[in-house]
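This is the structure I have questions about; it appears just below.
Below, each value reflects all heavy atoms present in this structure, side chains not excepted, and no hydrogens, waters or symmetry copies.
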Amino acid sequence: MIKVLISKDAKLDFKEASEHYGMISFELKKRFRQNFYSTIEQLKQIPHFQIRYDNFRIRQVKGFPIMIHYILVKDPDIIKIYGIRFAQQNPENYPKT
């Protein structure tokens, strides 16, 4: 089974995105969180998305402009999430290892 590790920075990113949607509505925040965890479960099943930069792969949270930036640490045994960012964010601010 694939293990998912979430960095401290990614946890903060998730909290910020969750709070952002919570300010719009409780239901939207709830849907974002459900879709995020569903996307994580999908990553466990199919982790090999295209490498976008350095060794990072990116997977979008279904229905939201949020991108999960991750690396397969022990291909494919461990997924390490380094960032959870809005899609429109400047690539210069993408996470680094």
Once rounded to the nearest 0.5 Å, what's the spacing between atom NZ of K80 and atom CD1 of I71?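 One gets 9.0 Å once the value is rounded to the nearest 0.5 Å.
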
Quick one: pull up NZ in K29 and CD in E19 and give me the separation to the nearest 0.5 Å.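 Going from NZ on K29 over to CD on E19, the span is 6.5 Å.
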
Will you find, in the side chains of R33 and S18, an N or O donor that is under 3.5 Å from an N or O acceptor?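 A pair is found: one side chain offers a donor N or O, the other an acceptor, under 3.5 Å apart.
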
Relative to each other, are the rings of F64 and Y21 parallel, tilted or perpendicular (30° and 60° limits)?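 Perpendicular, since the angle between the ring planes exceeds 60°.
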
Within 6.0 angstrom of K30 NZ, more than 12 heavy atoms from elsewhere: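 Not buried by this count: 12 neighbours or fewer within 6.0 Å.
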
Count the heavy atoms belonging to other residues, nucleotides or ligands that lie under 6.0 Å from CD1 of I46, then report whether that count exceeds 12.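 Atom CD1 in I46 is not crowded, with 12 or fewer foreign heavy atoms closer than 6.0 Å.
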
Heavy-atom pair with the smallest gap, counting every atom of D54 and I51: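 That closest heavy-atom pairing would be O-CG2, 3.2 Å.
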
Mind checking the OH-CZ spacing from Y82 to R57? Nearest 0.5 Å is all I need.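 Answer rounded to 0.5 Å: 13.0 Å.
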
Would you indicate whether the side-chain heavy atoms of F14 and I66 approach each other to under 4.5 Å?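 I66 vs F14: side chains apart.
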
For K44 and I2, work out which heavy atoms get closest and say how close.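 Between these two residues, the closest heavy atoms are O-CD1, 3.0 Å.
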
Looking at every heavy atom in both A10 and G83, which two are closest together, and how far apart are they?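 The answer is CB-N, 3.8 Å.
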
How close do K62 and T39 get, heavy atom to heavy atom, and via which atoms?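 Scanning both residues, the minimum pair turns out to be N-OG1, 3.6 Å.
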
Gap between atom CZ of F49 and atom CD of Q60 - 0.5 Å precision: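 Reported to 0.5 Å precision, the distance equals 10.5 Å.
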
Distance-only, no hydrogens or angles: does the N35 side chain make a donor-acceptor pair with backbone N or O of V61 under 3.5 Å?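 Checking the backbone N and O of V61 against the side chain of N35, no donor-acceptor pair under 3.5 Å is found.
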
Rounded at 0.5 Å granularity, tell me how far CZ in R31 sits from OG in S25.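 With rounding to 0.5 Å, CZ (R31) is 7.5 Å from OG (S25).
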
Can you find a pair of side-chain heavy atoms, one from F32 and one from H20, that are under 4.5 Å apart?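 No, side chains not in contact.
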
Do F36 and L12 share a hydrophobic cluster, counting only Ile, Leu, Val, Met, Phe, Trp and Tyr and linking them when any side-chain heavy atoms are less than 4.5 Å apart?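 Different clusters.
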
Just how far is it from atom CD1 of I6 to atom OH of Y70, taken to the nearest 0.5 Å?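 So the gap between those two atoms works out to 13.5 Å.
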
Is any side-chain heavy atom of L72 closer than 4.5 Å to one of I79?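 Counting from C-beta outward, I79 and L72 do come under 4.5 Å.
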
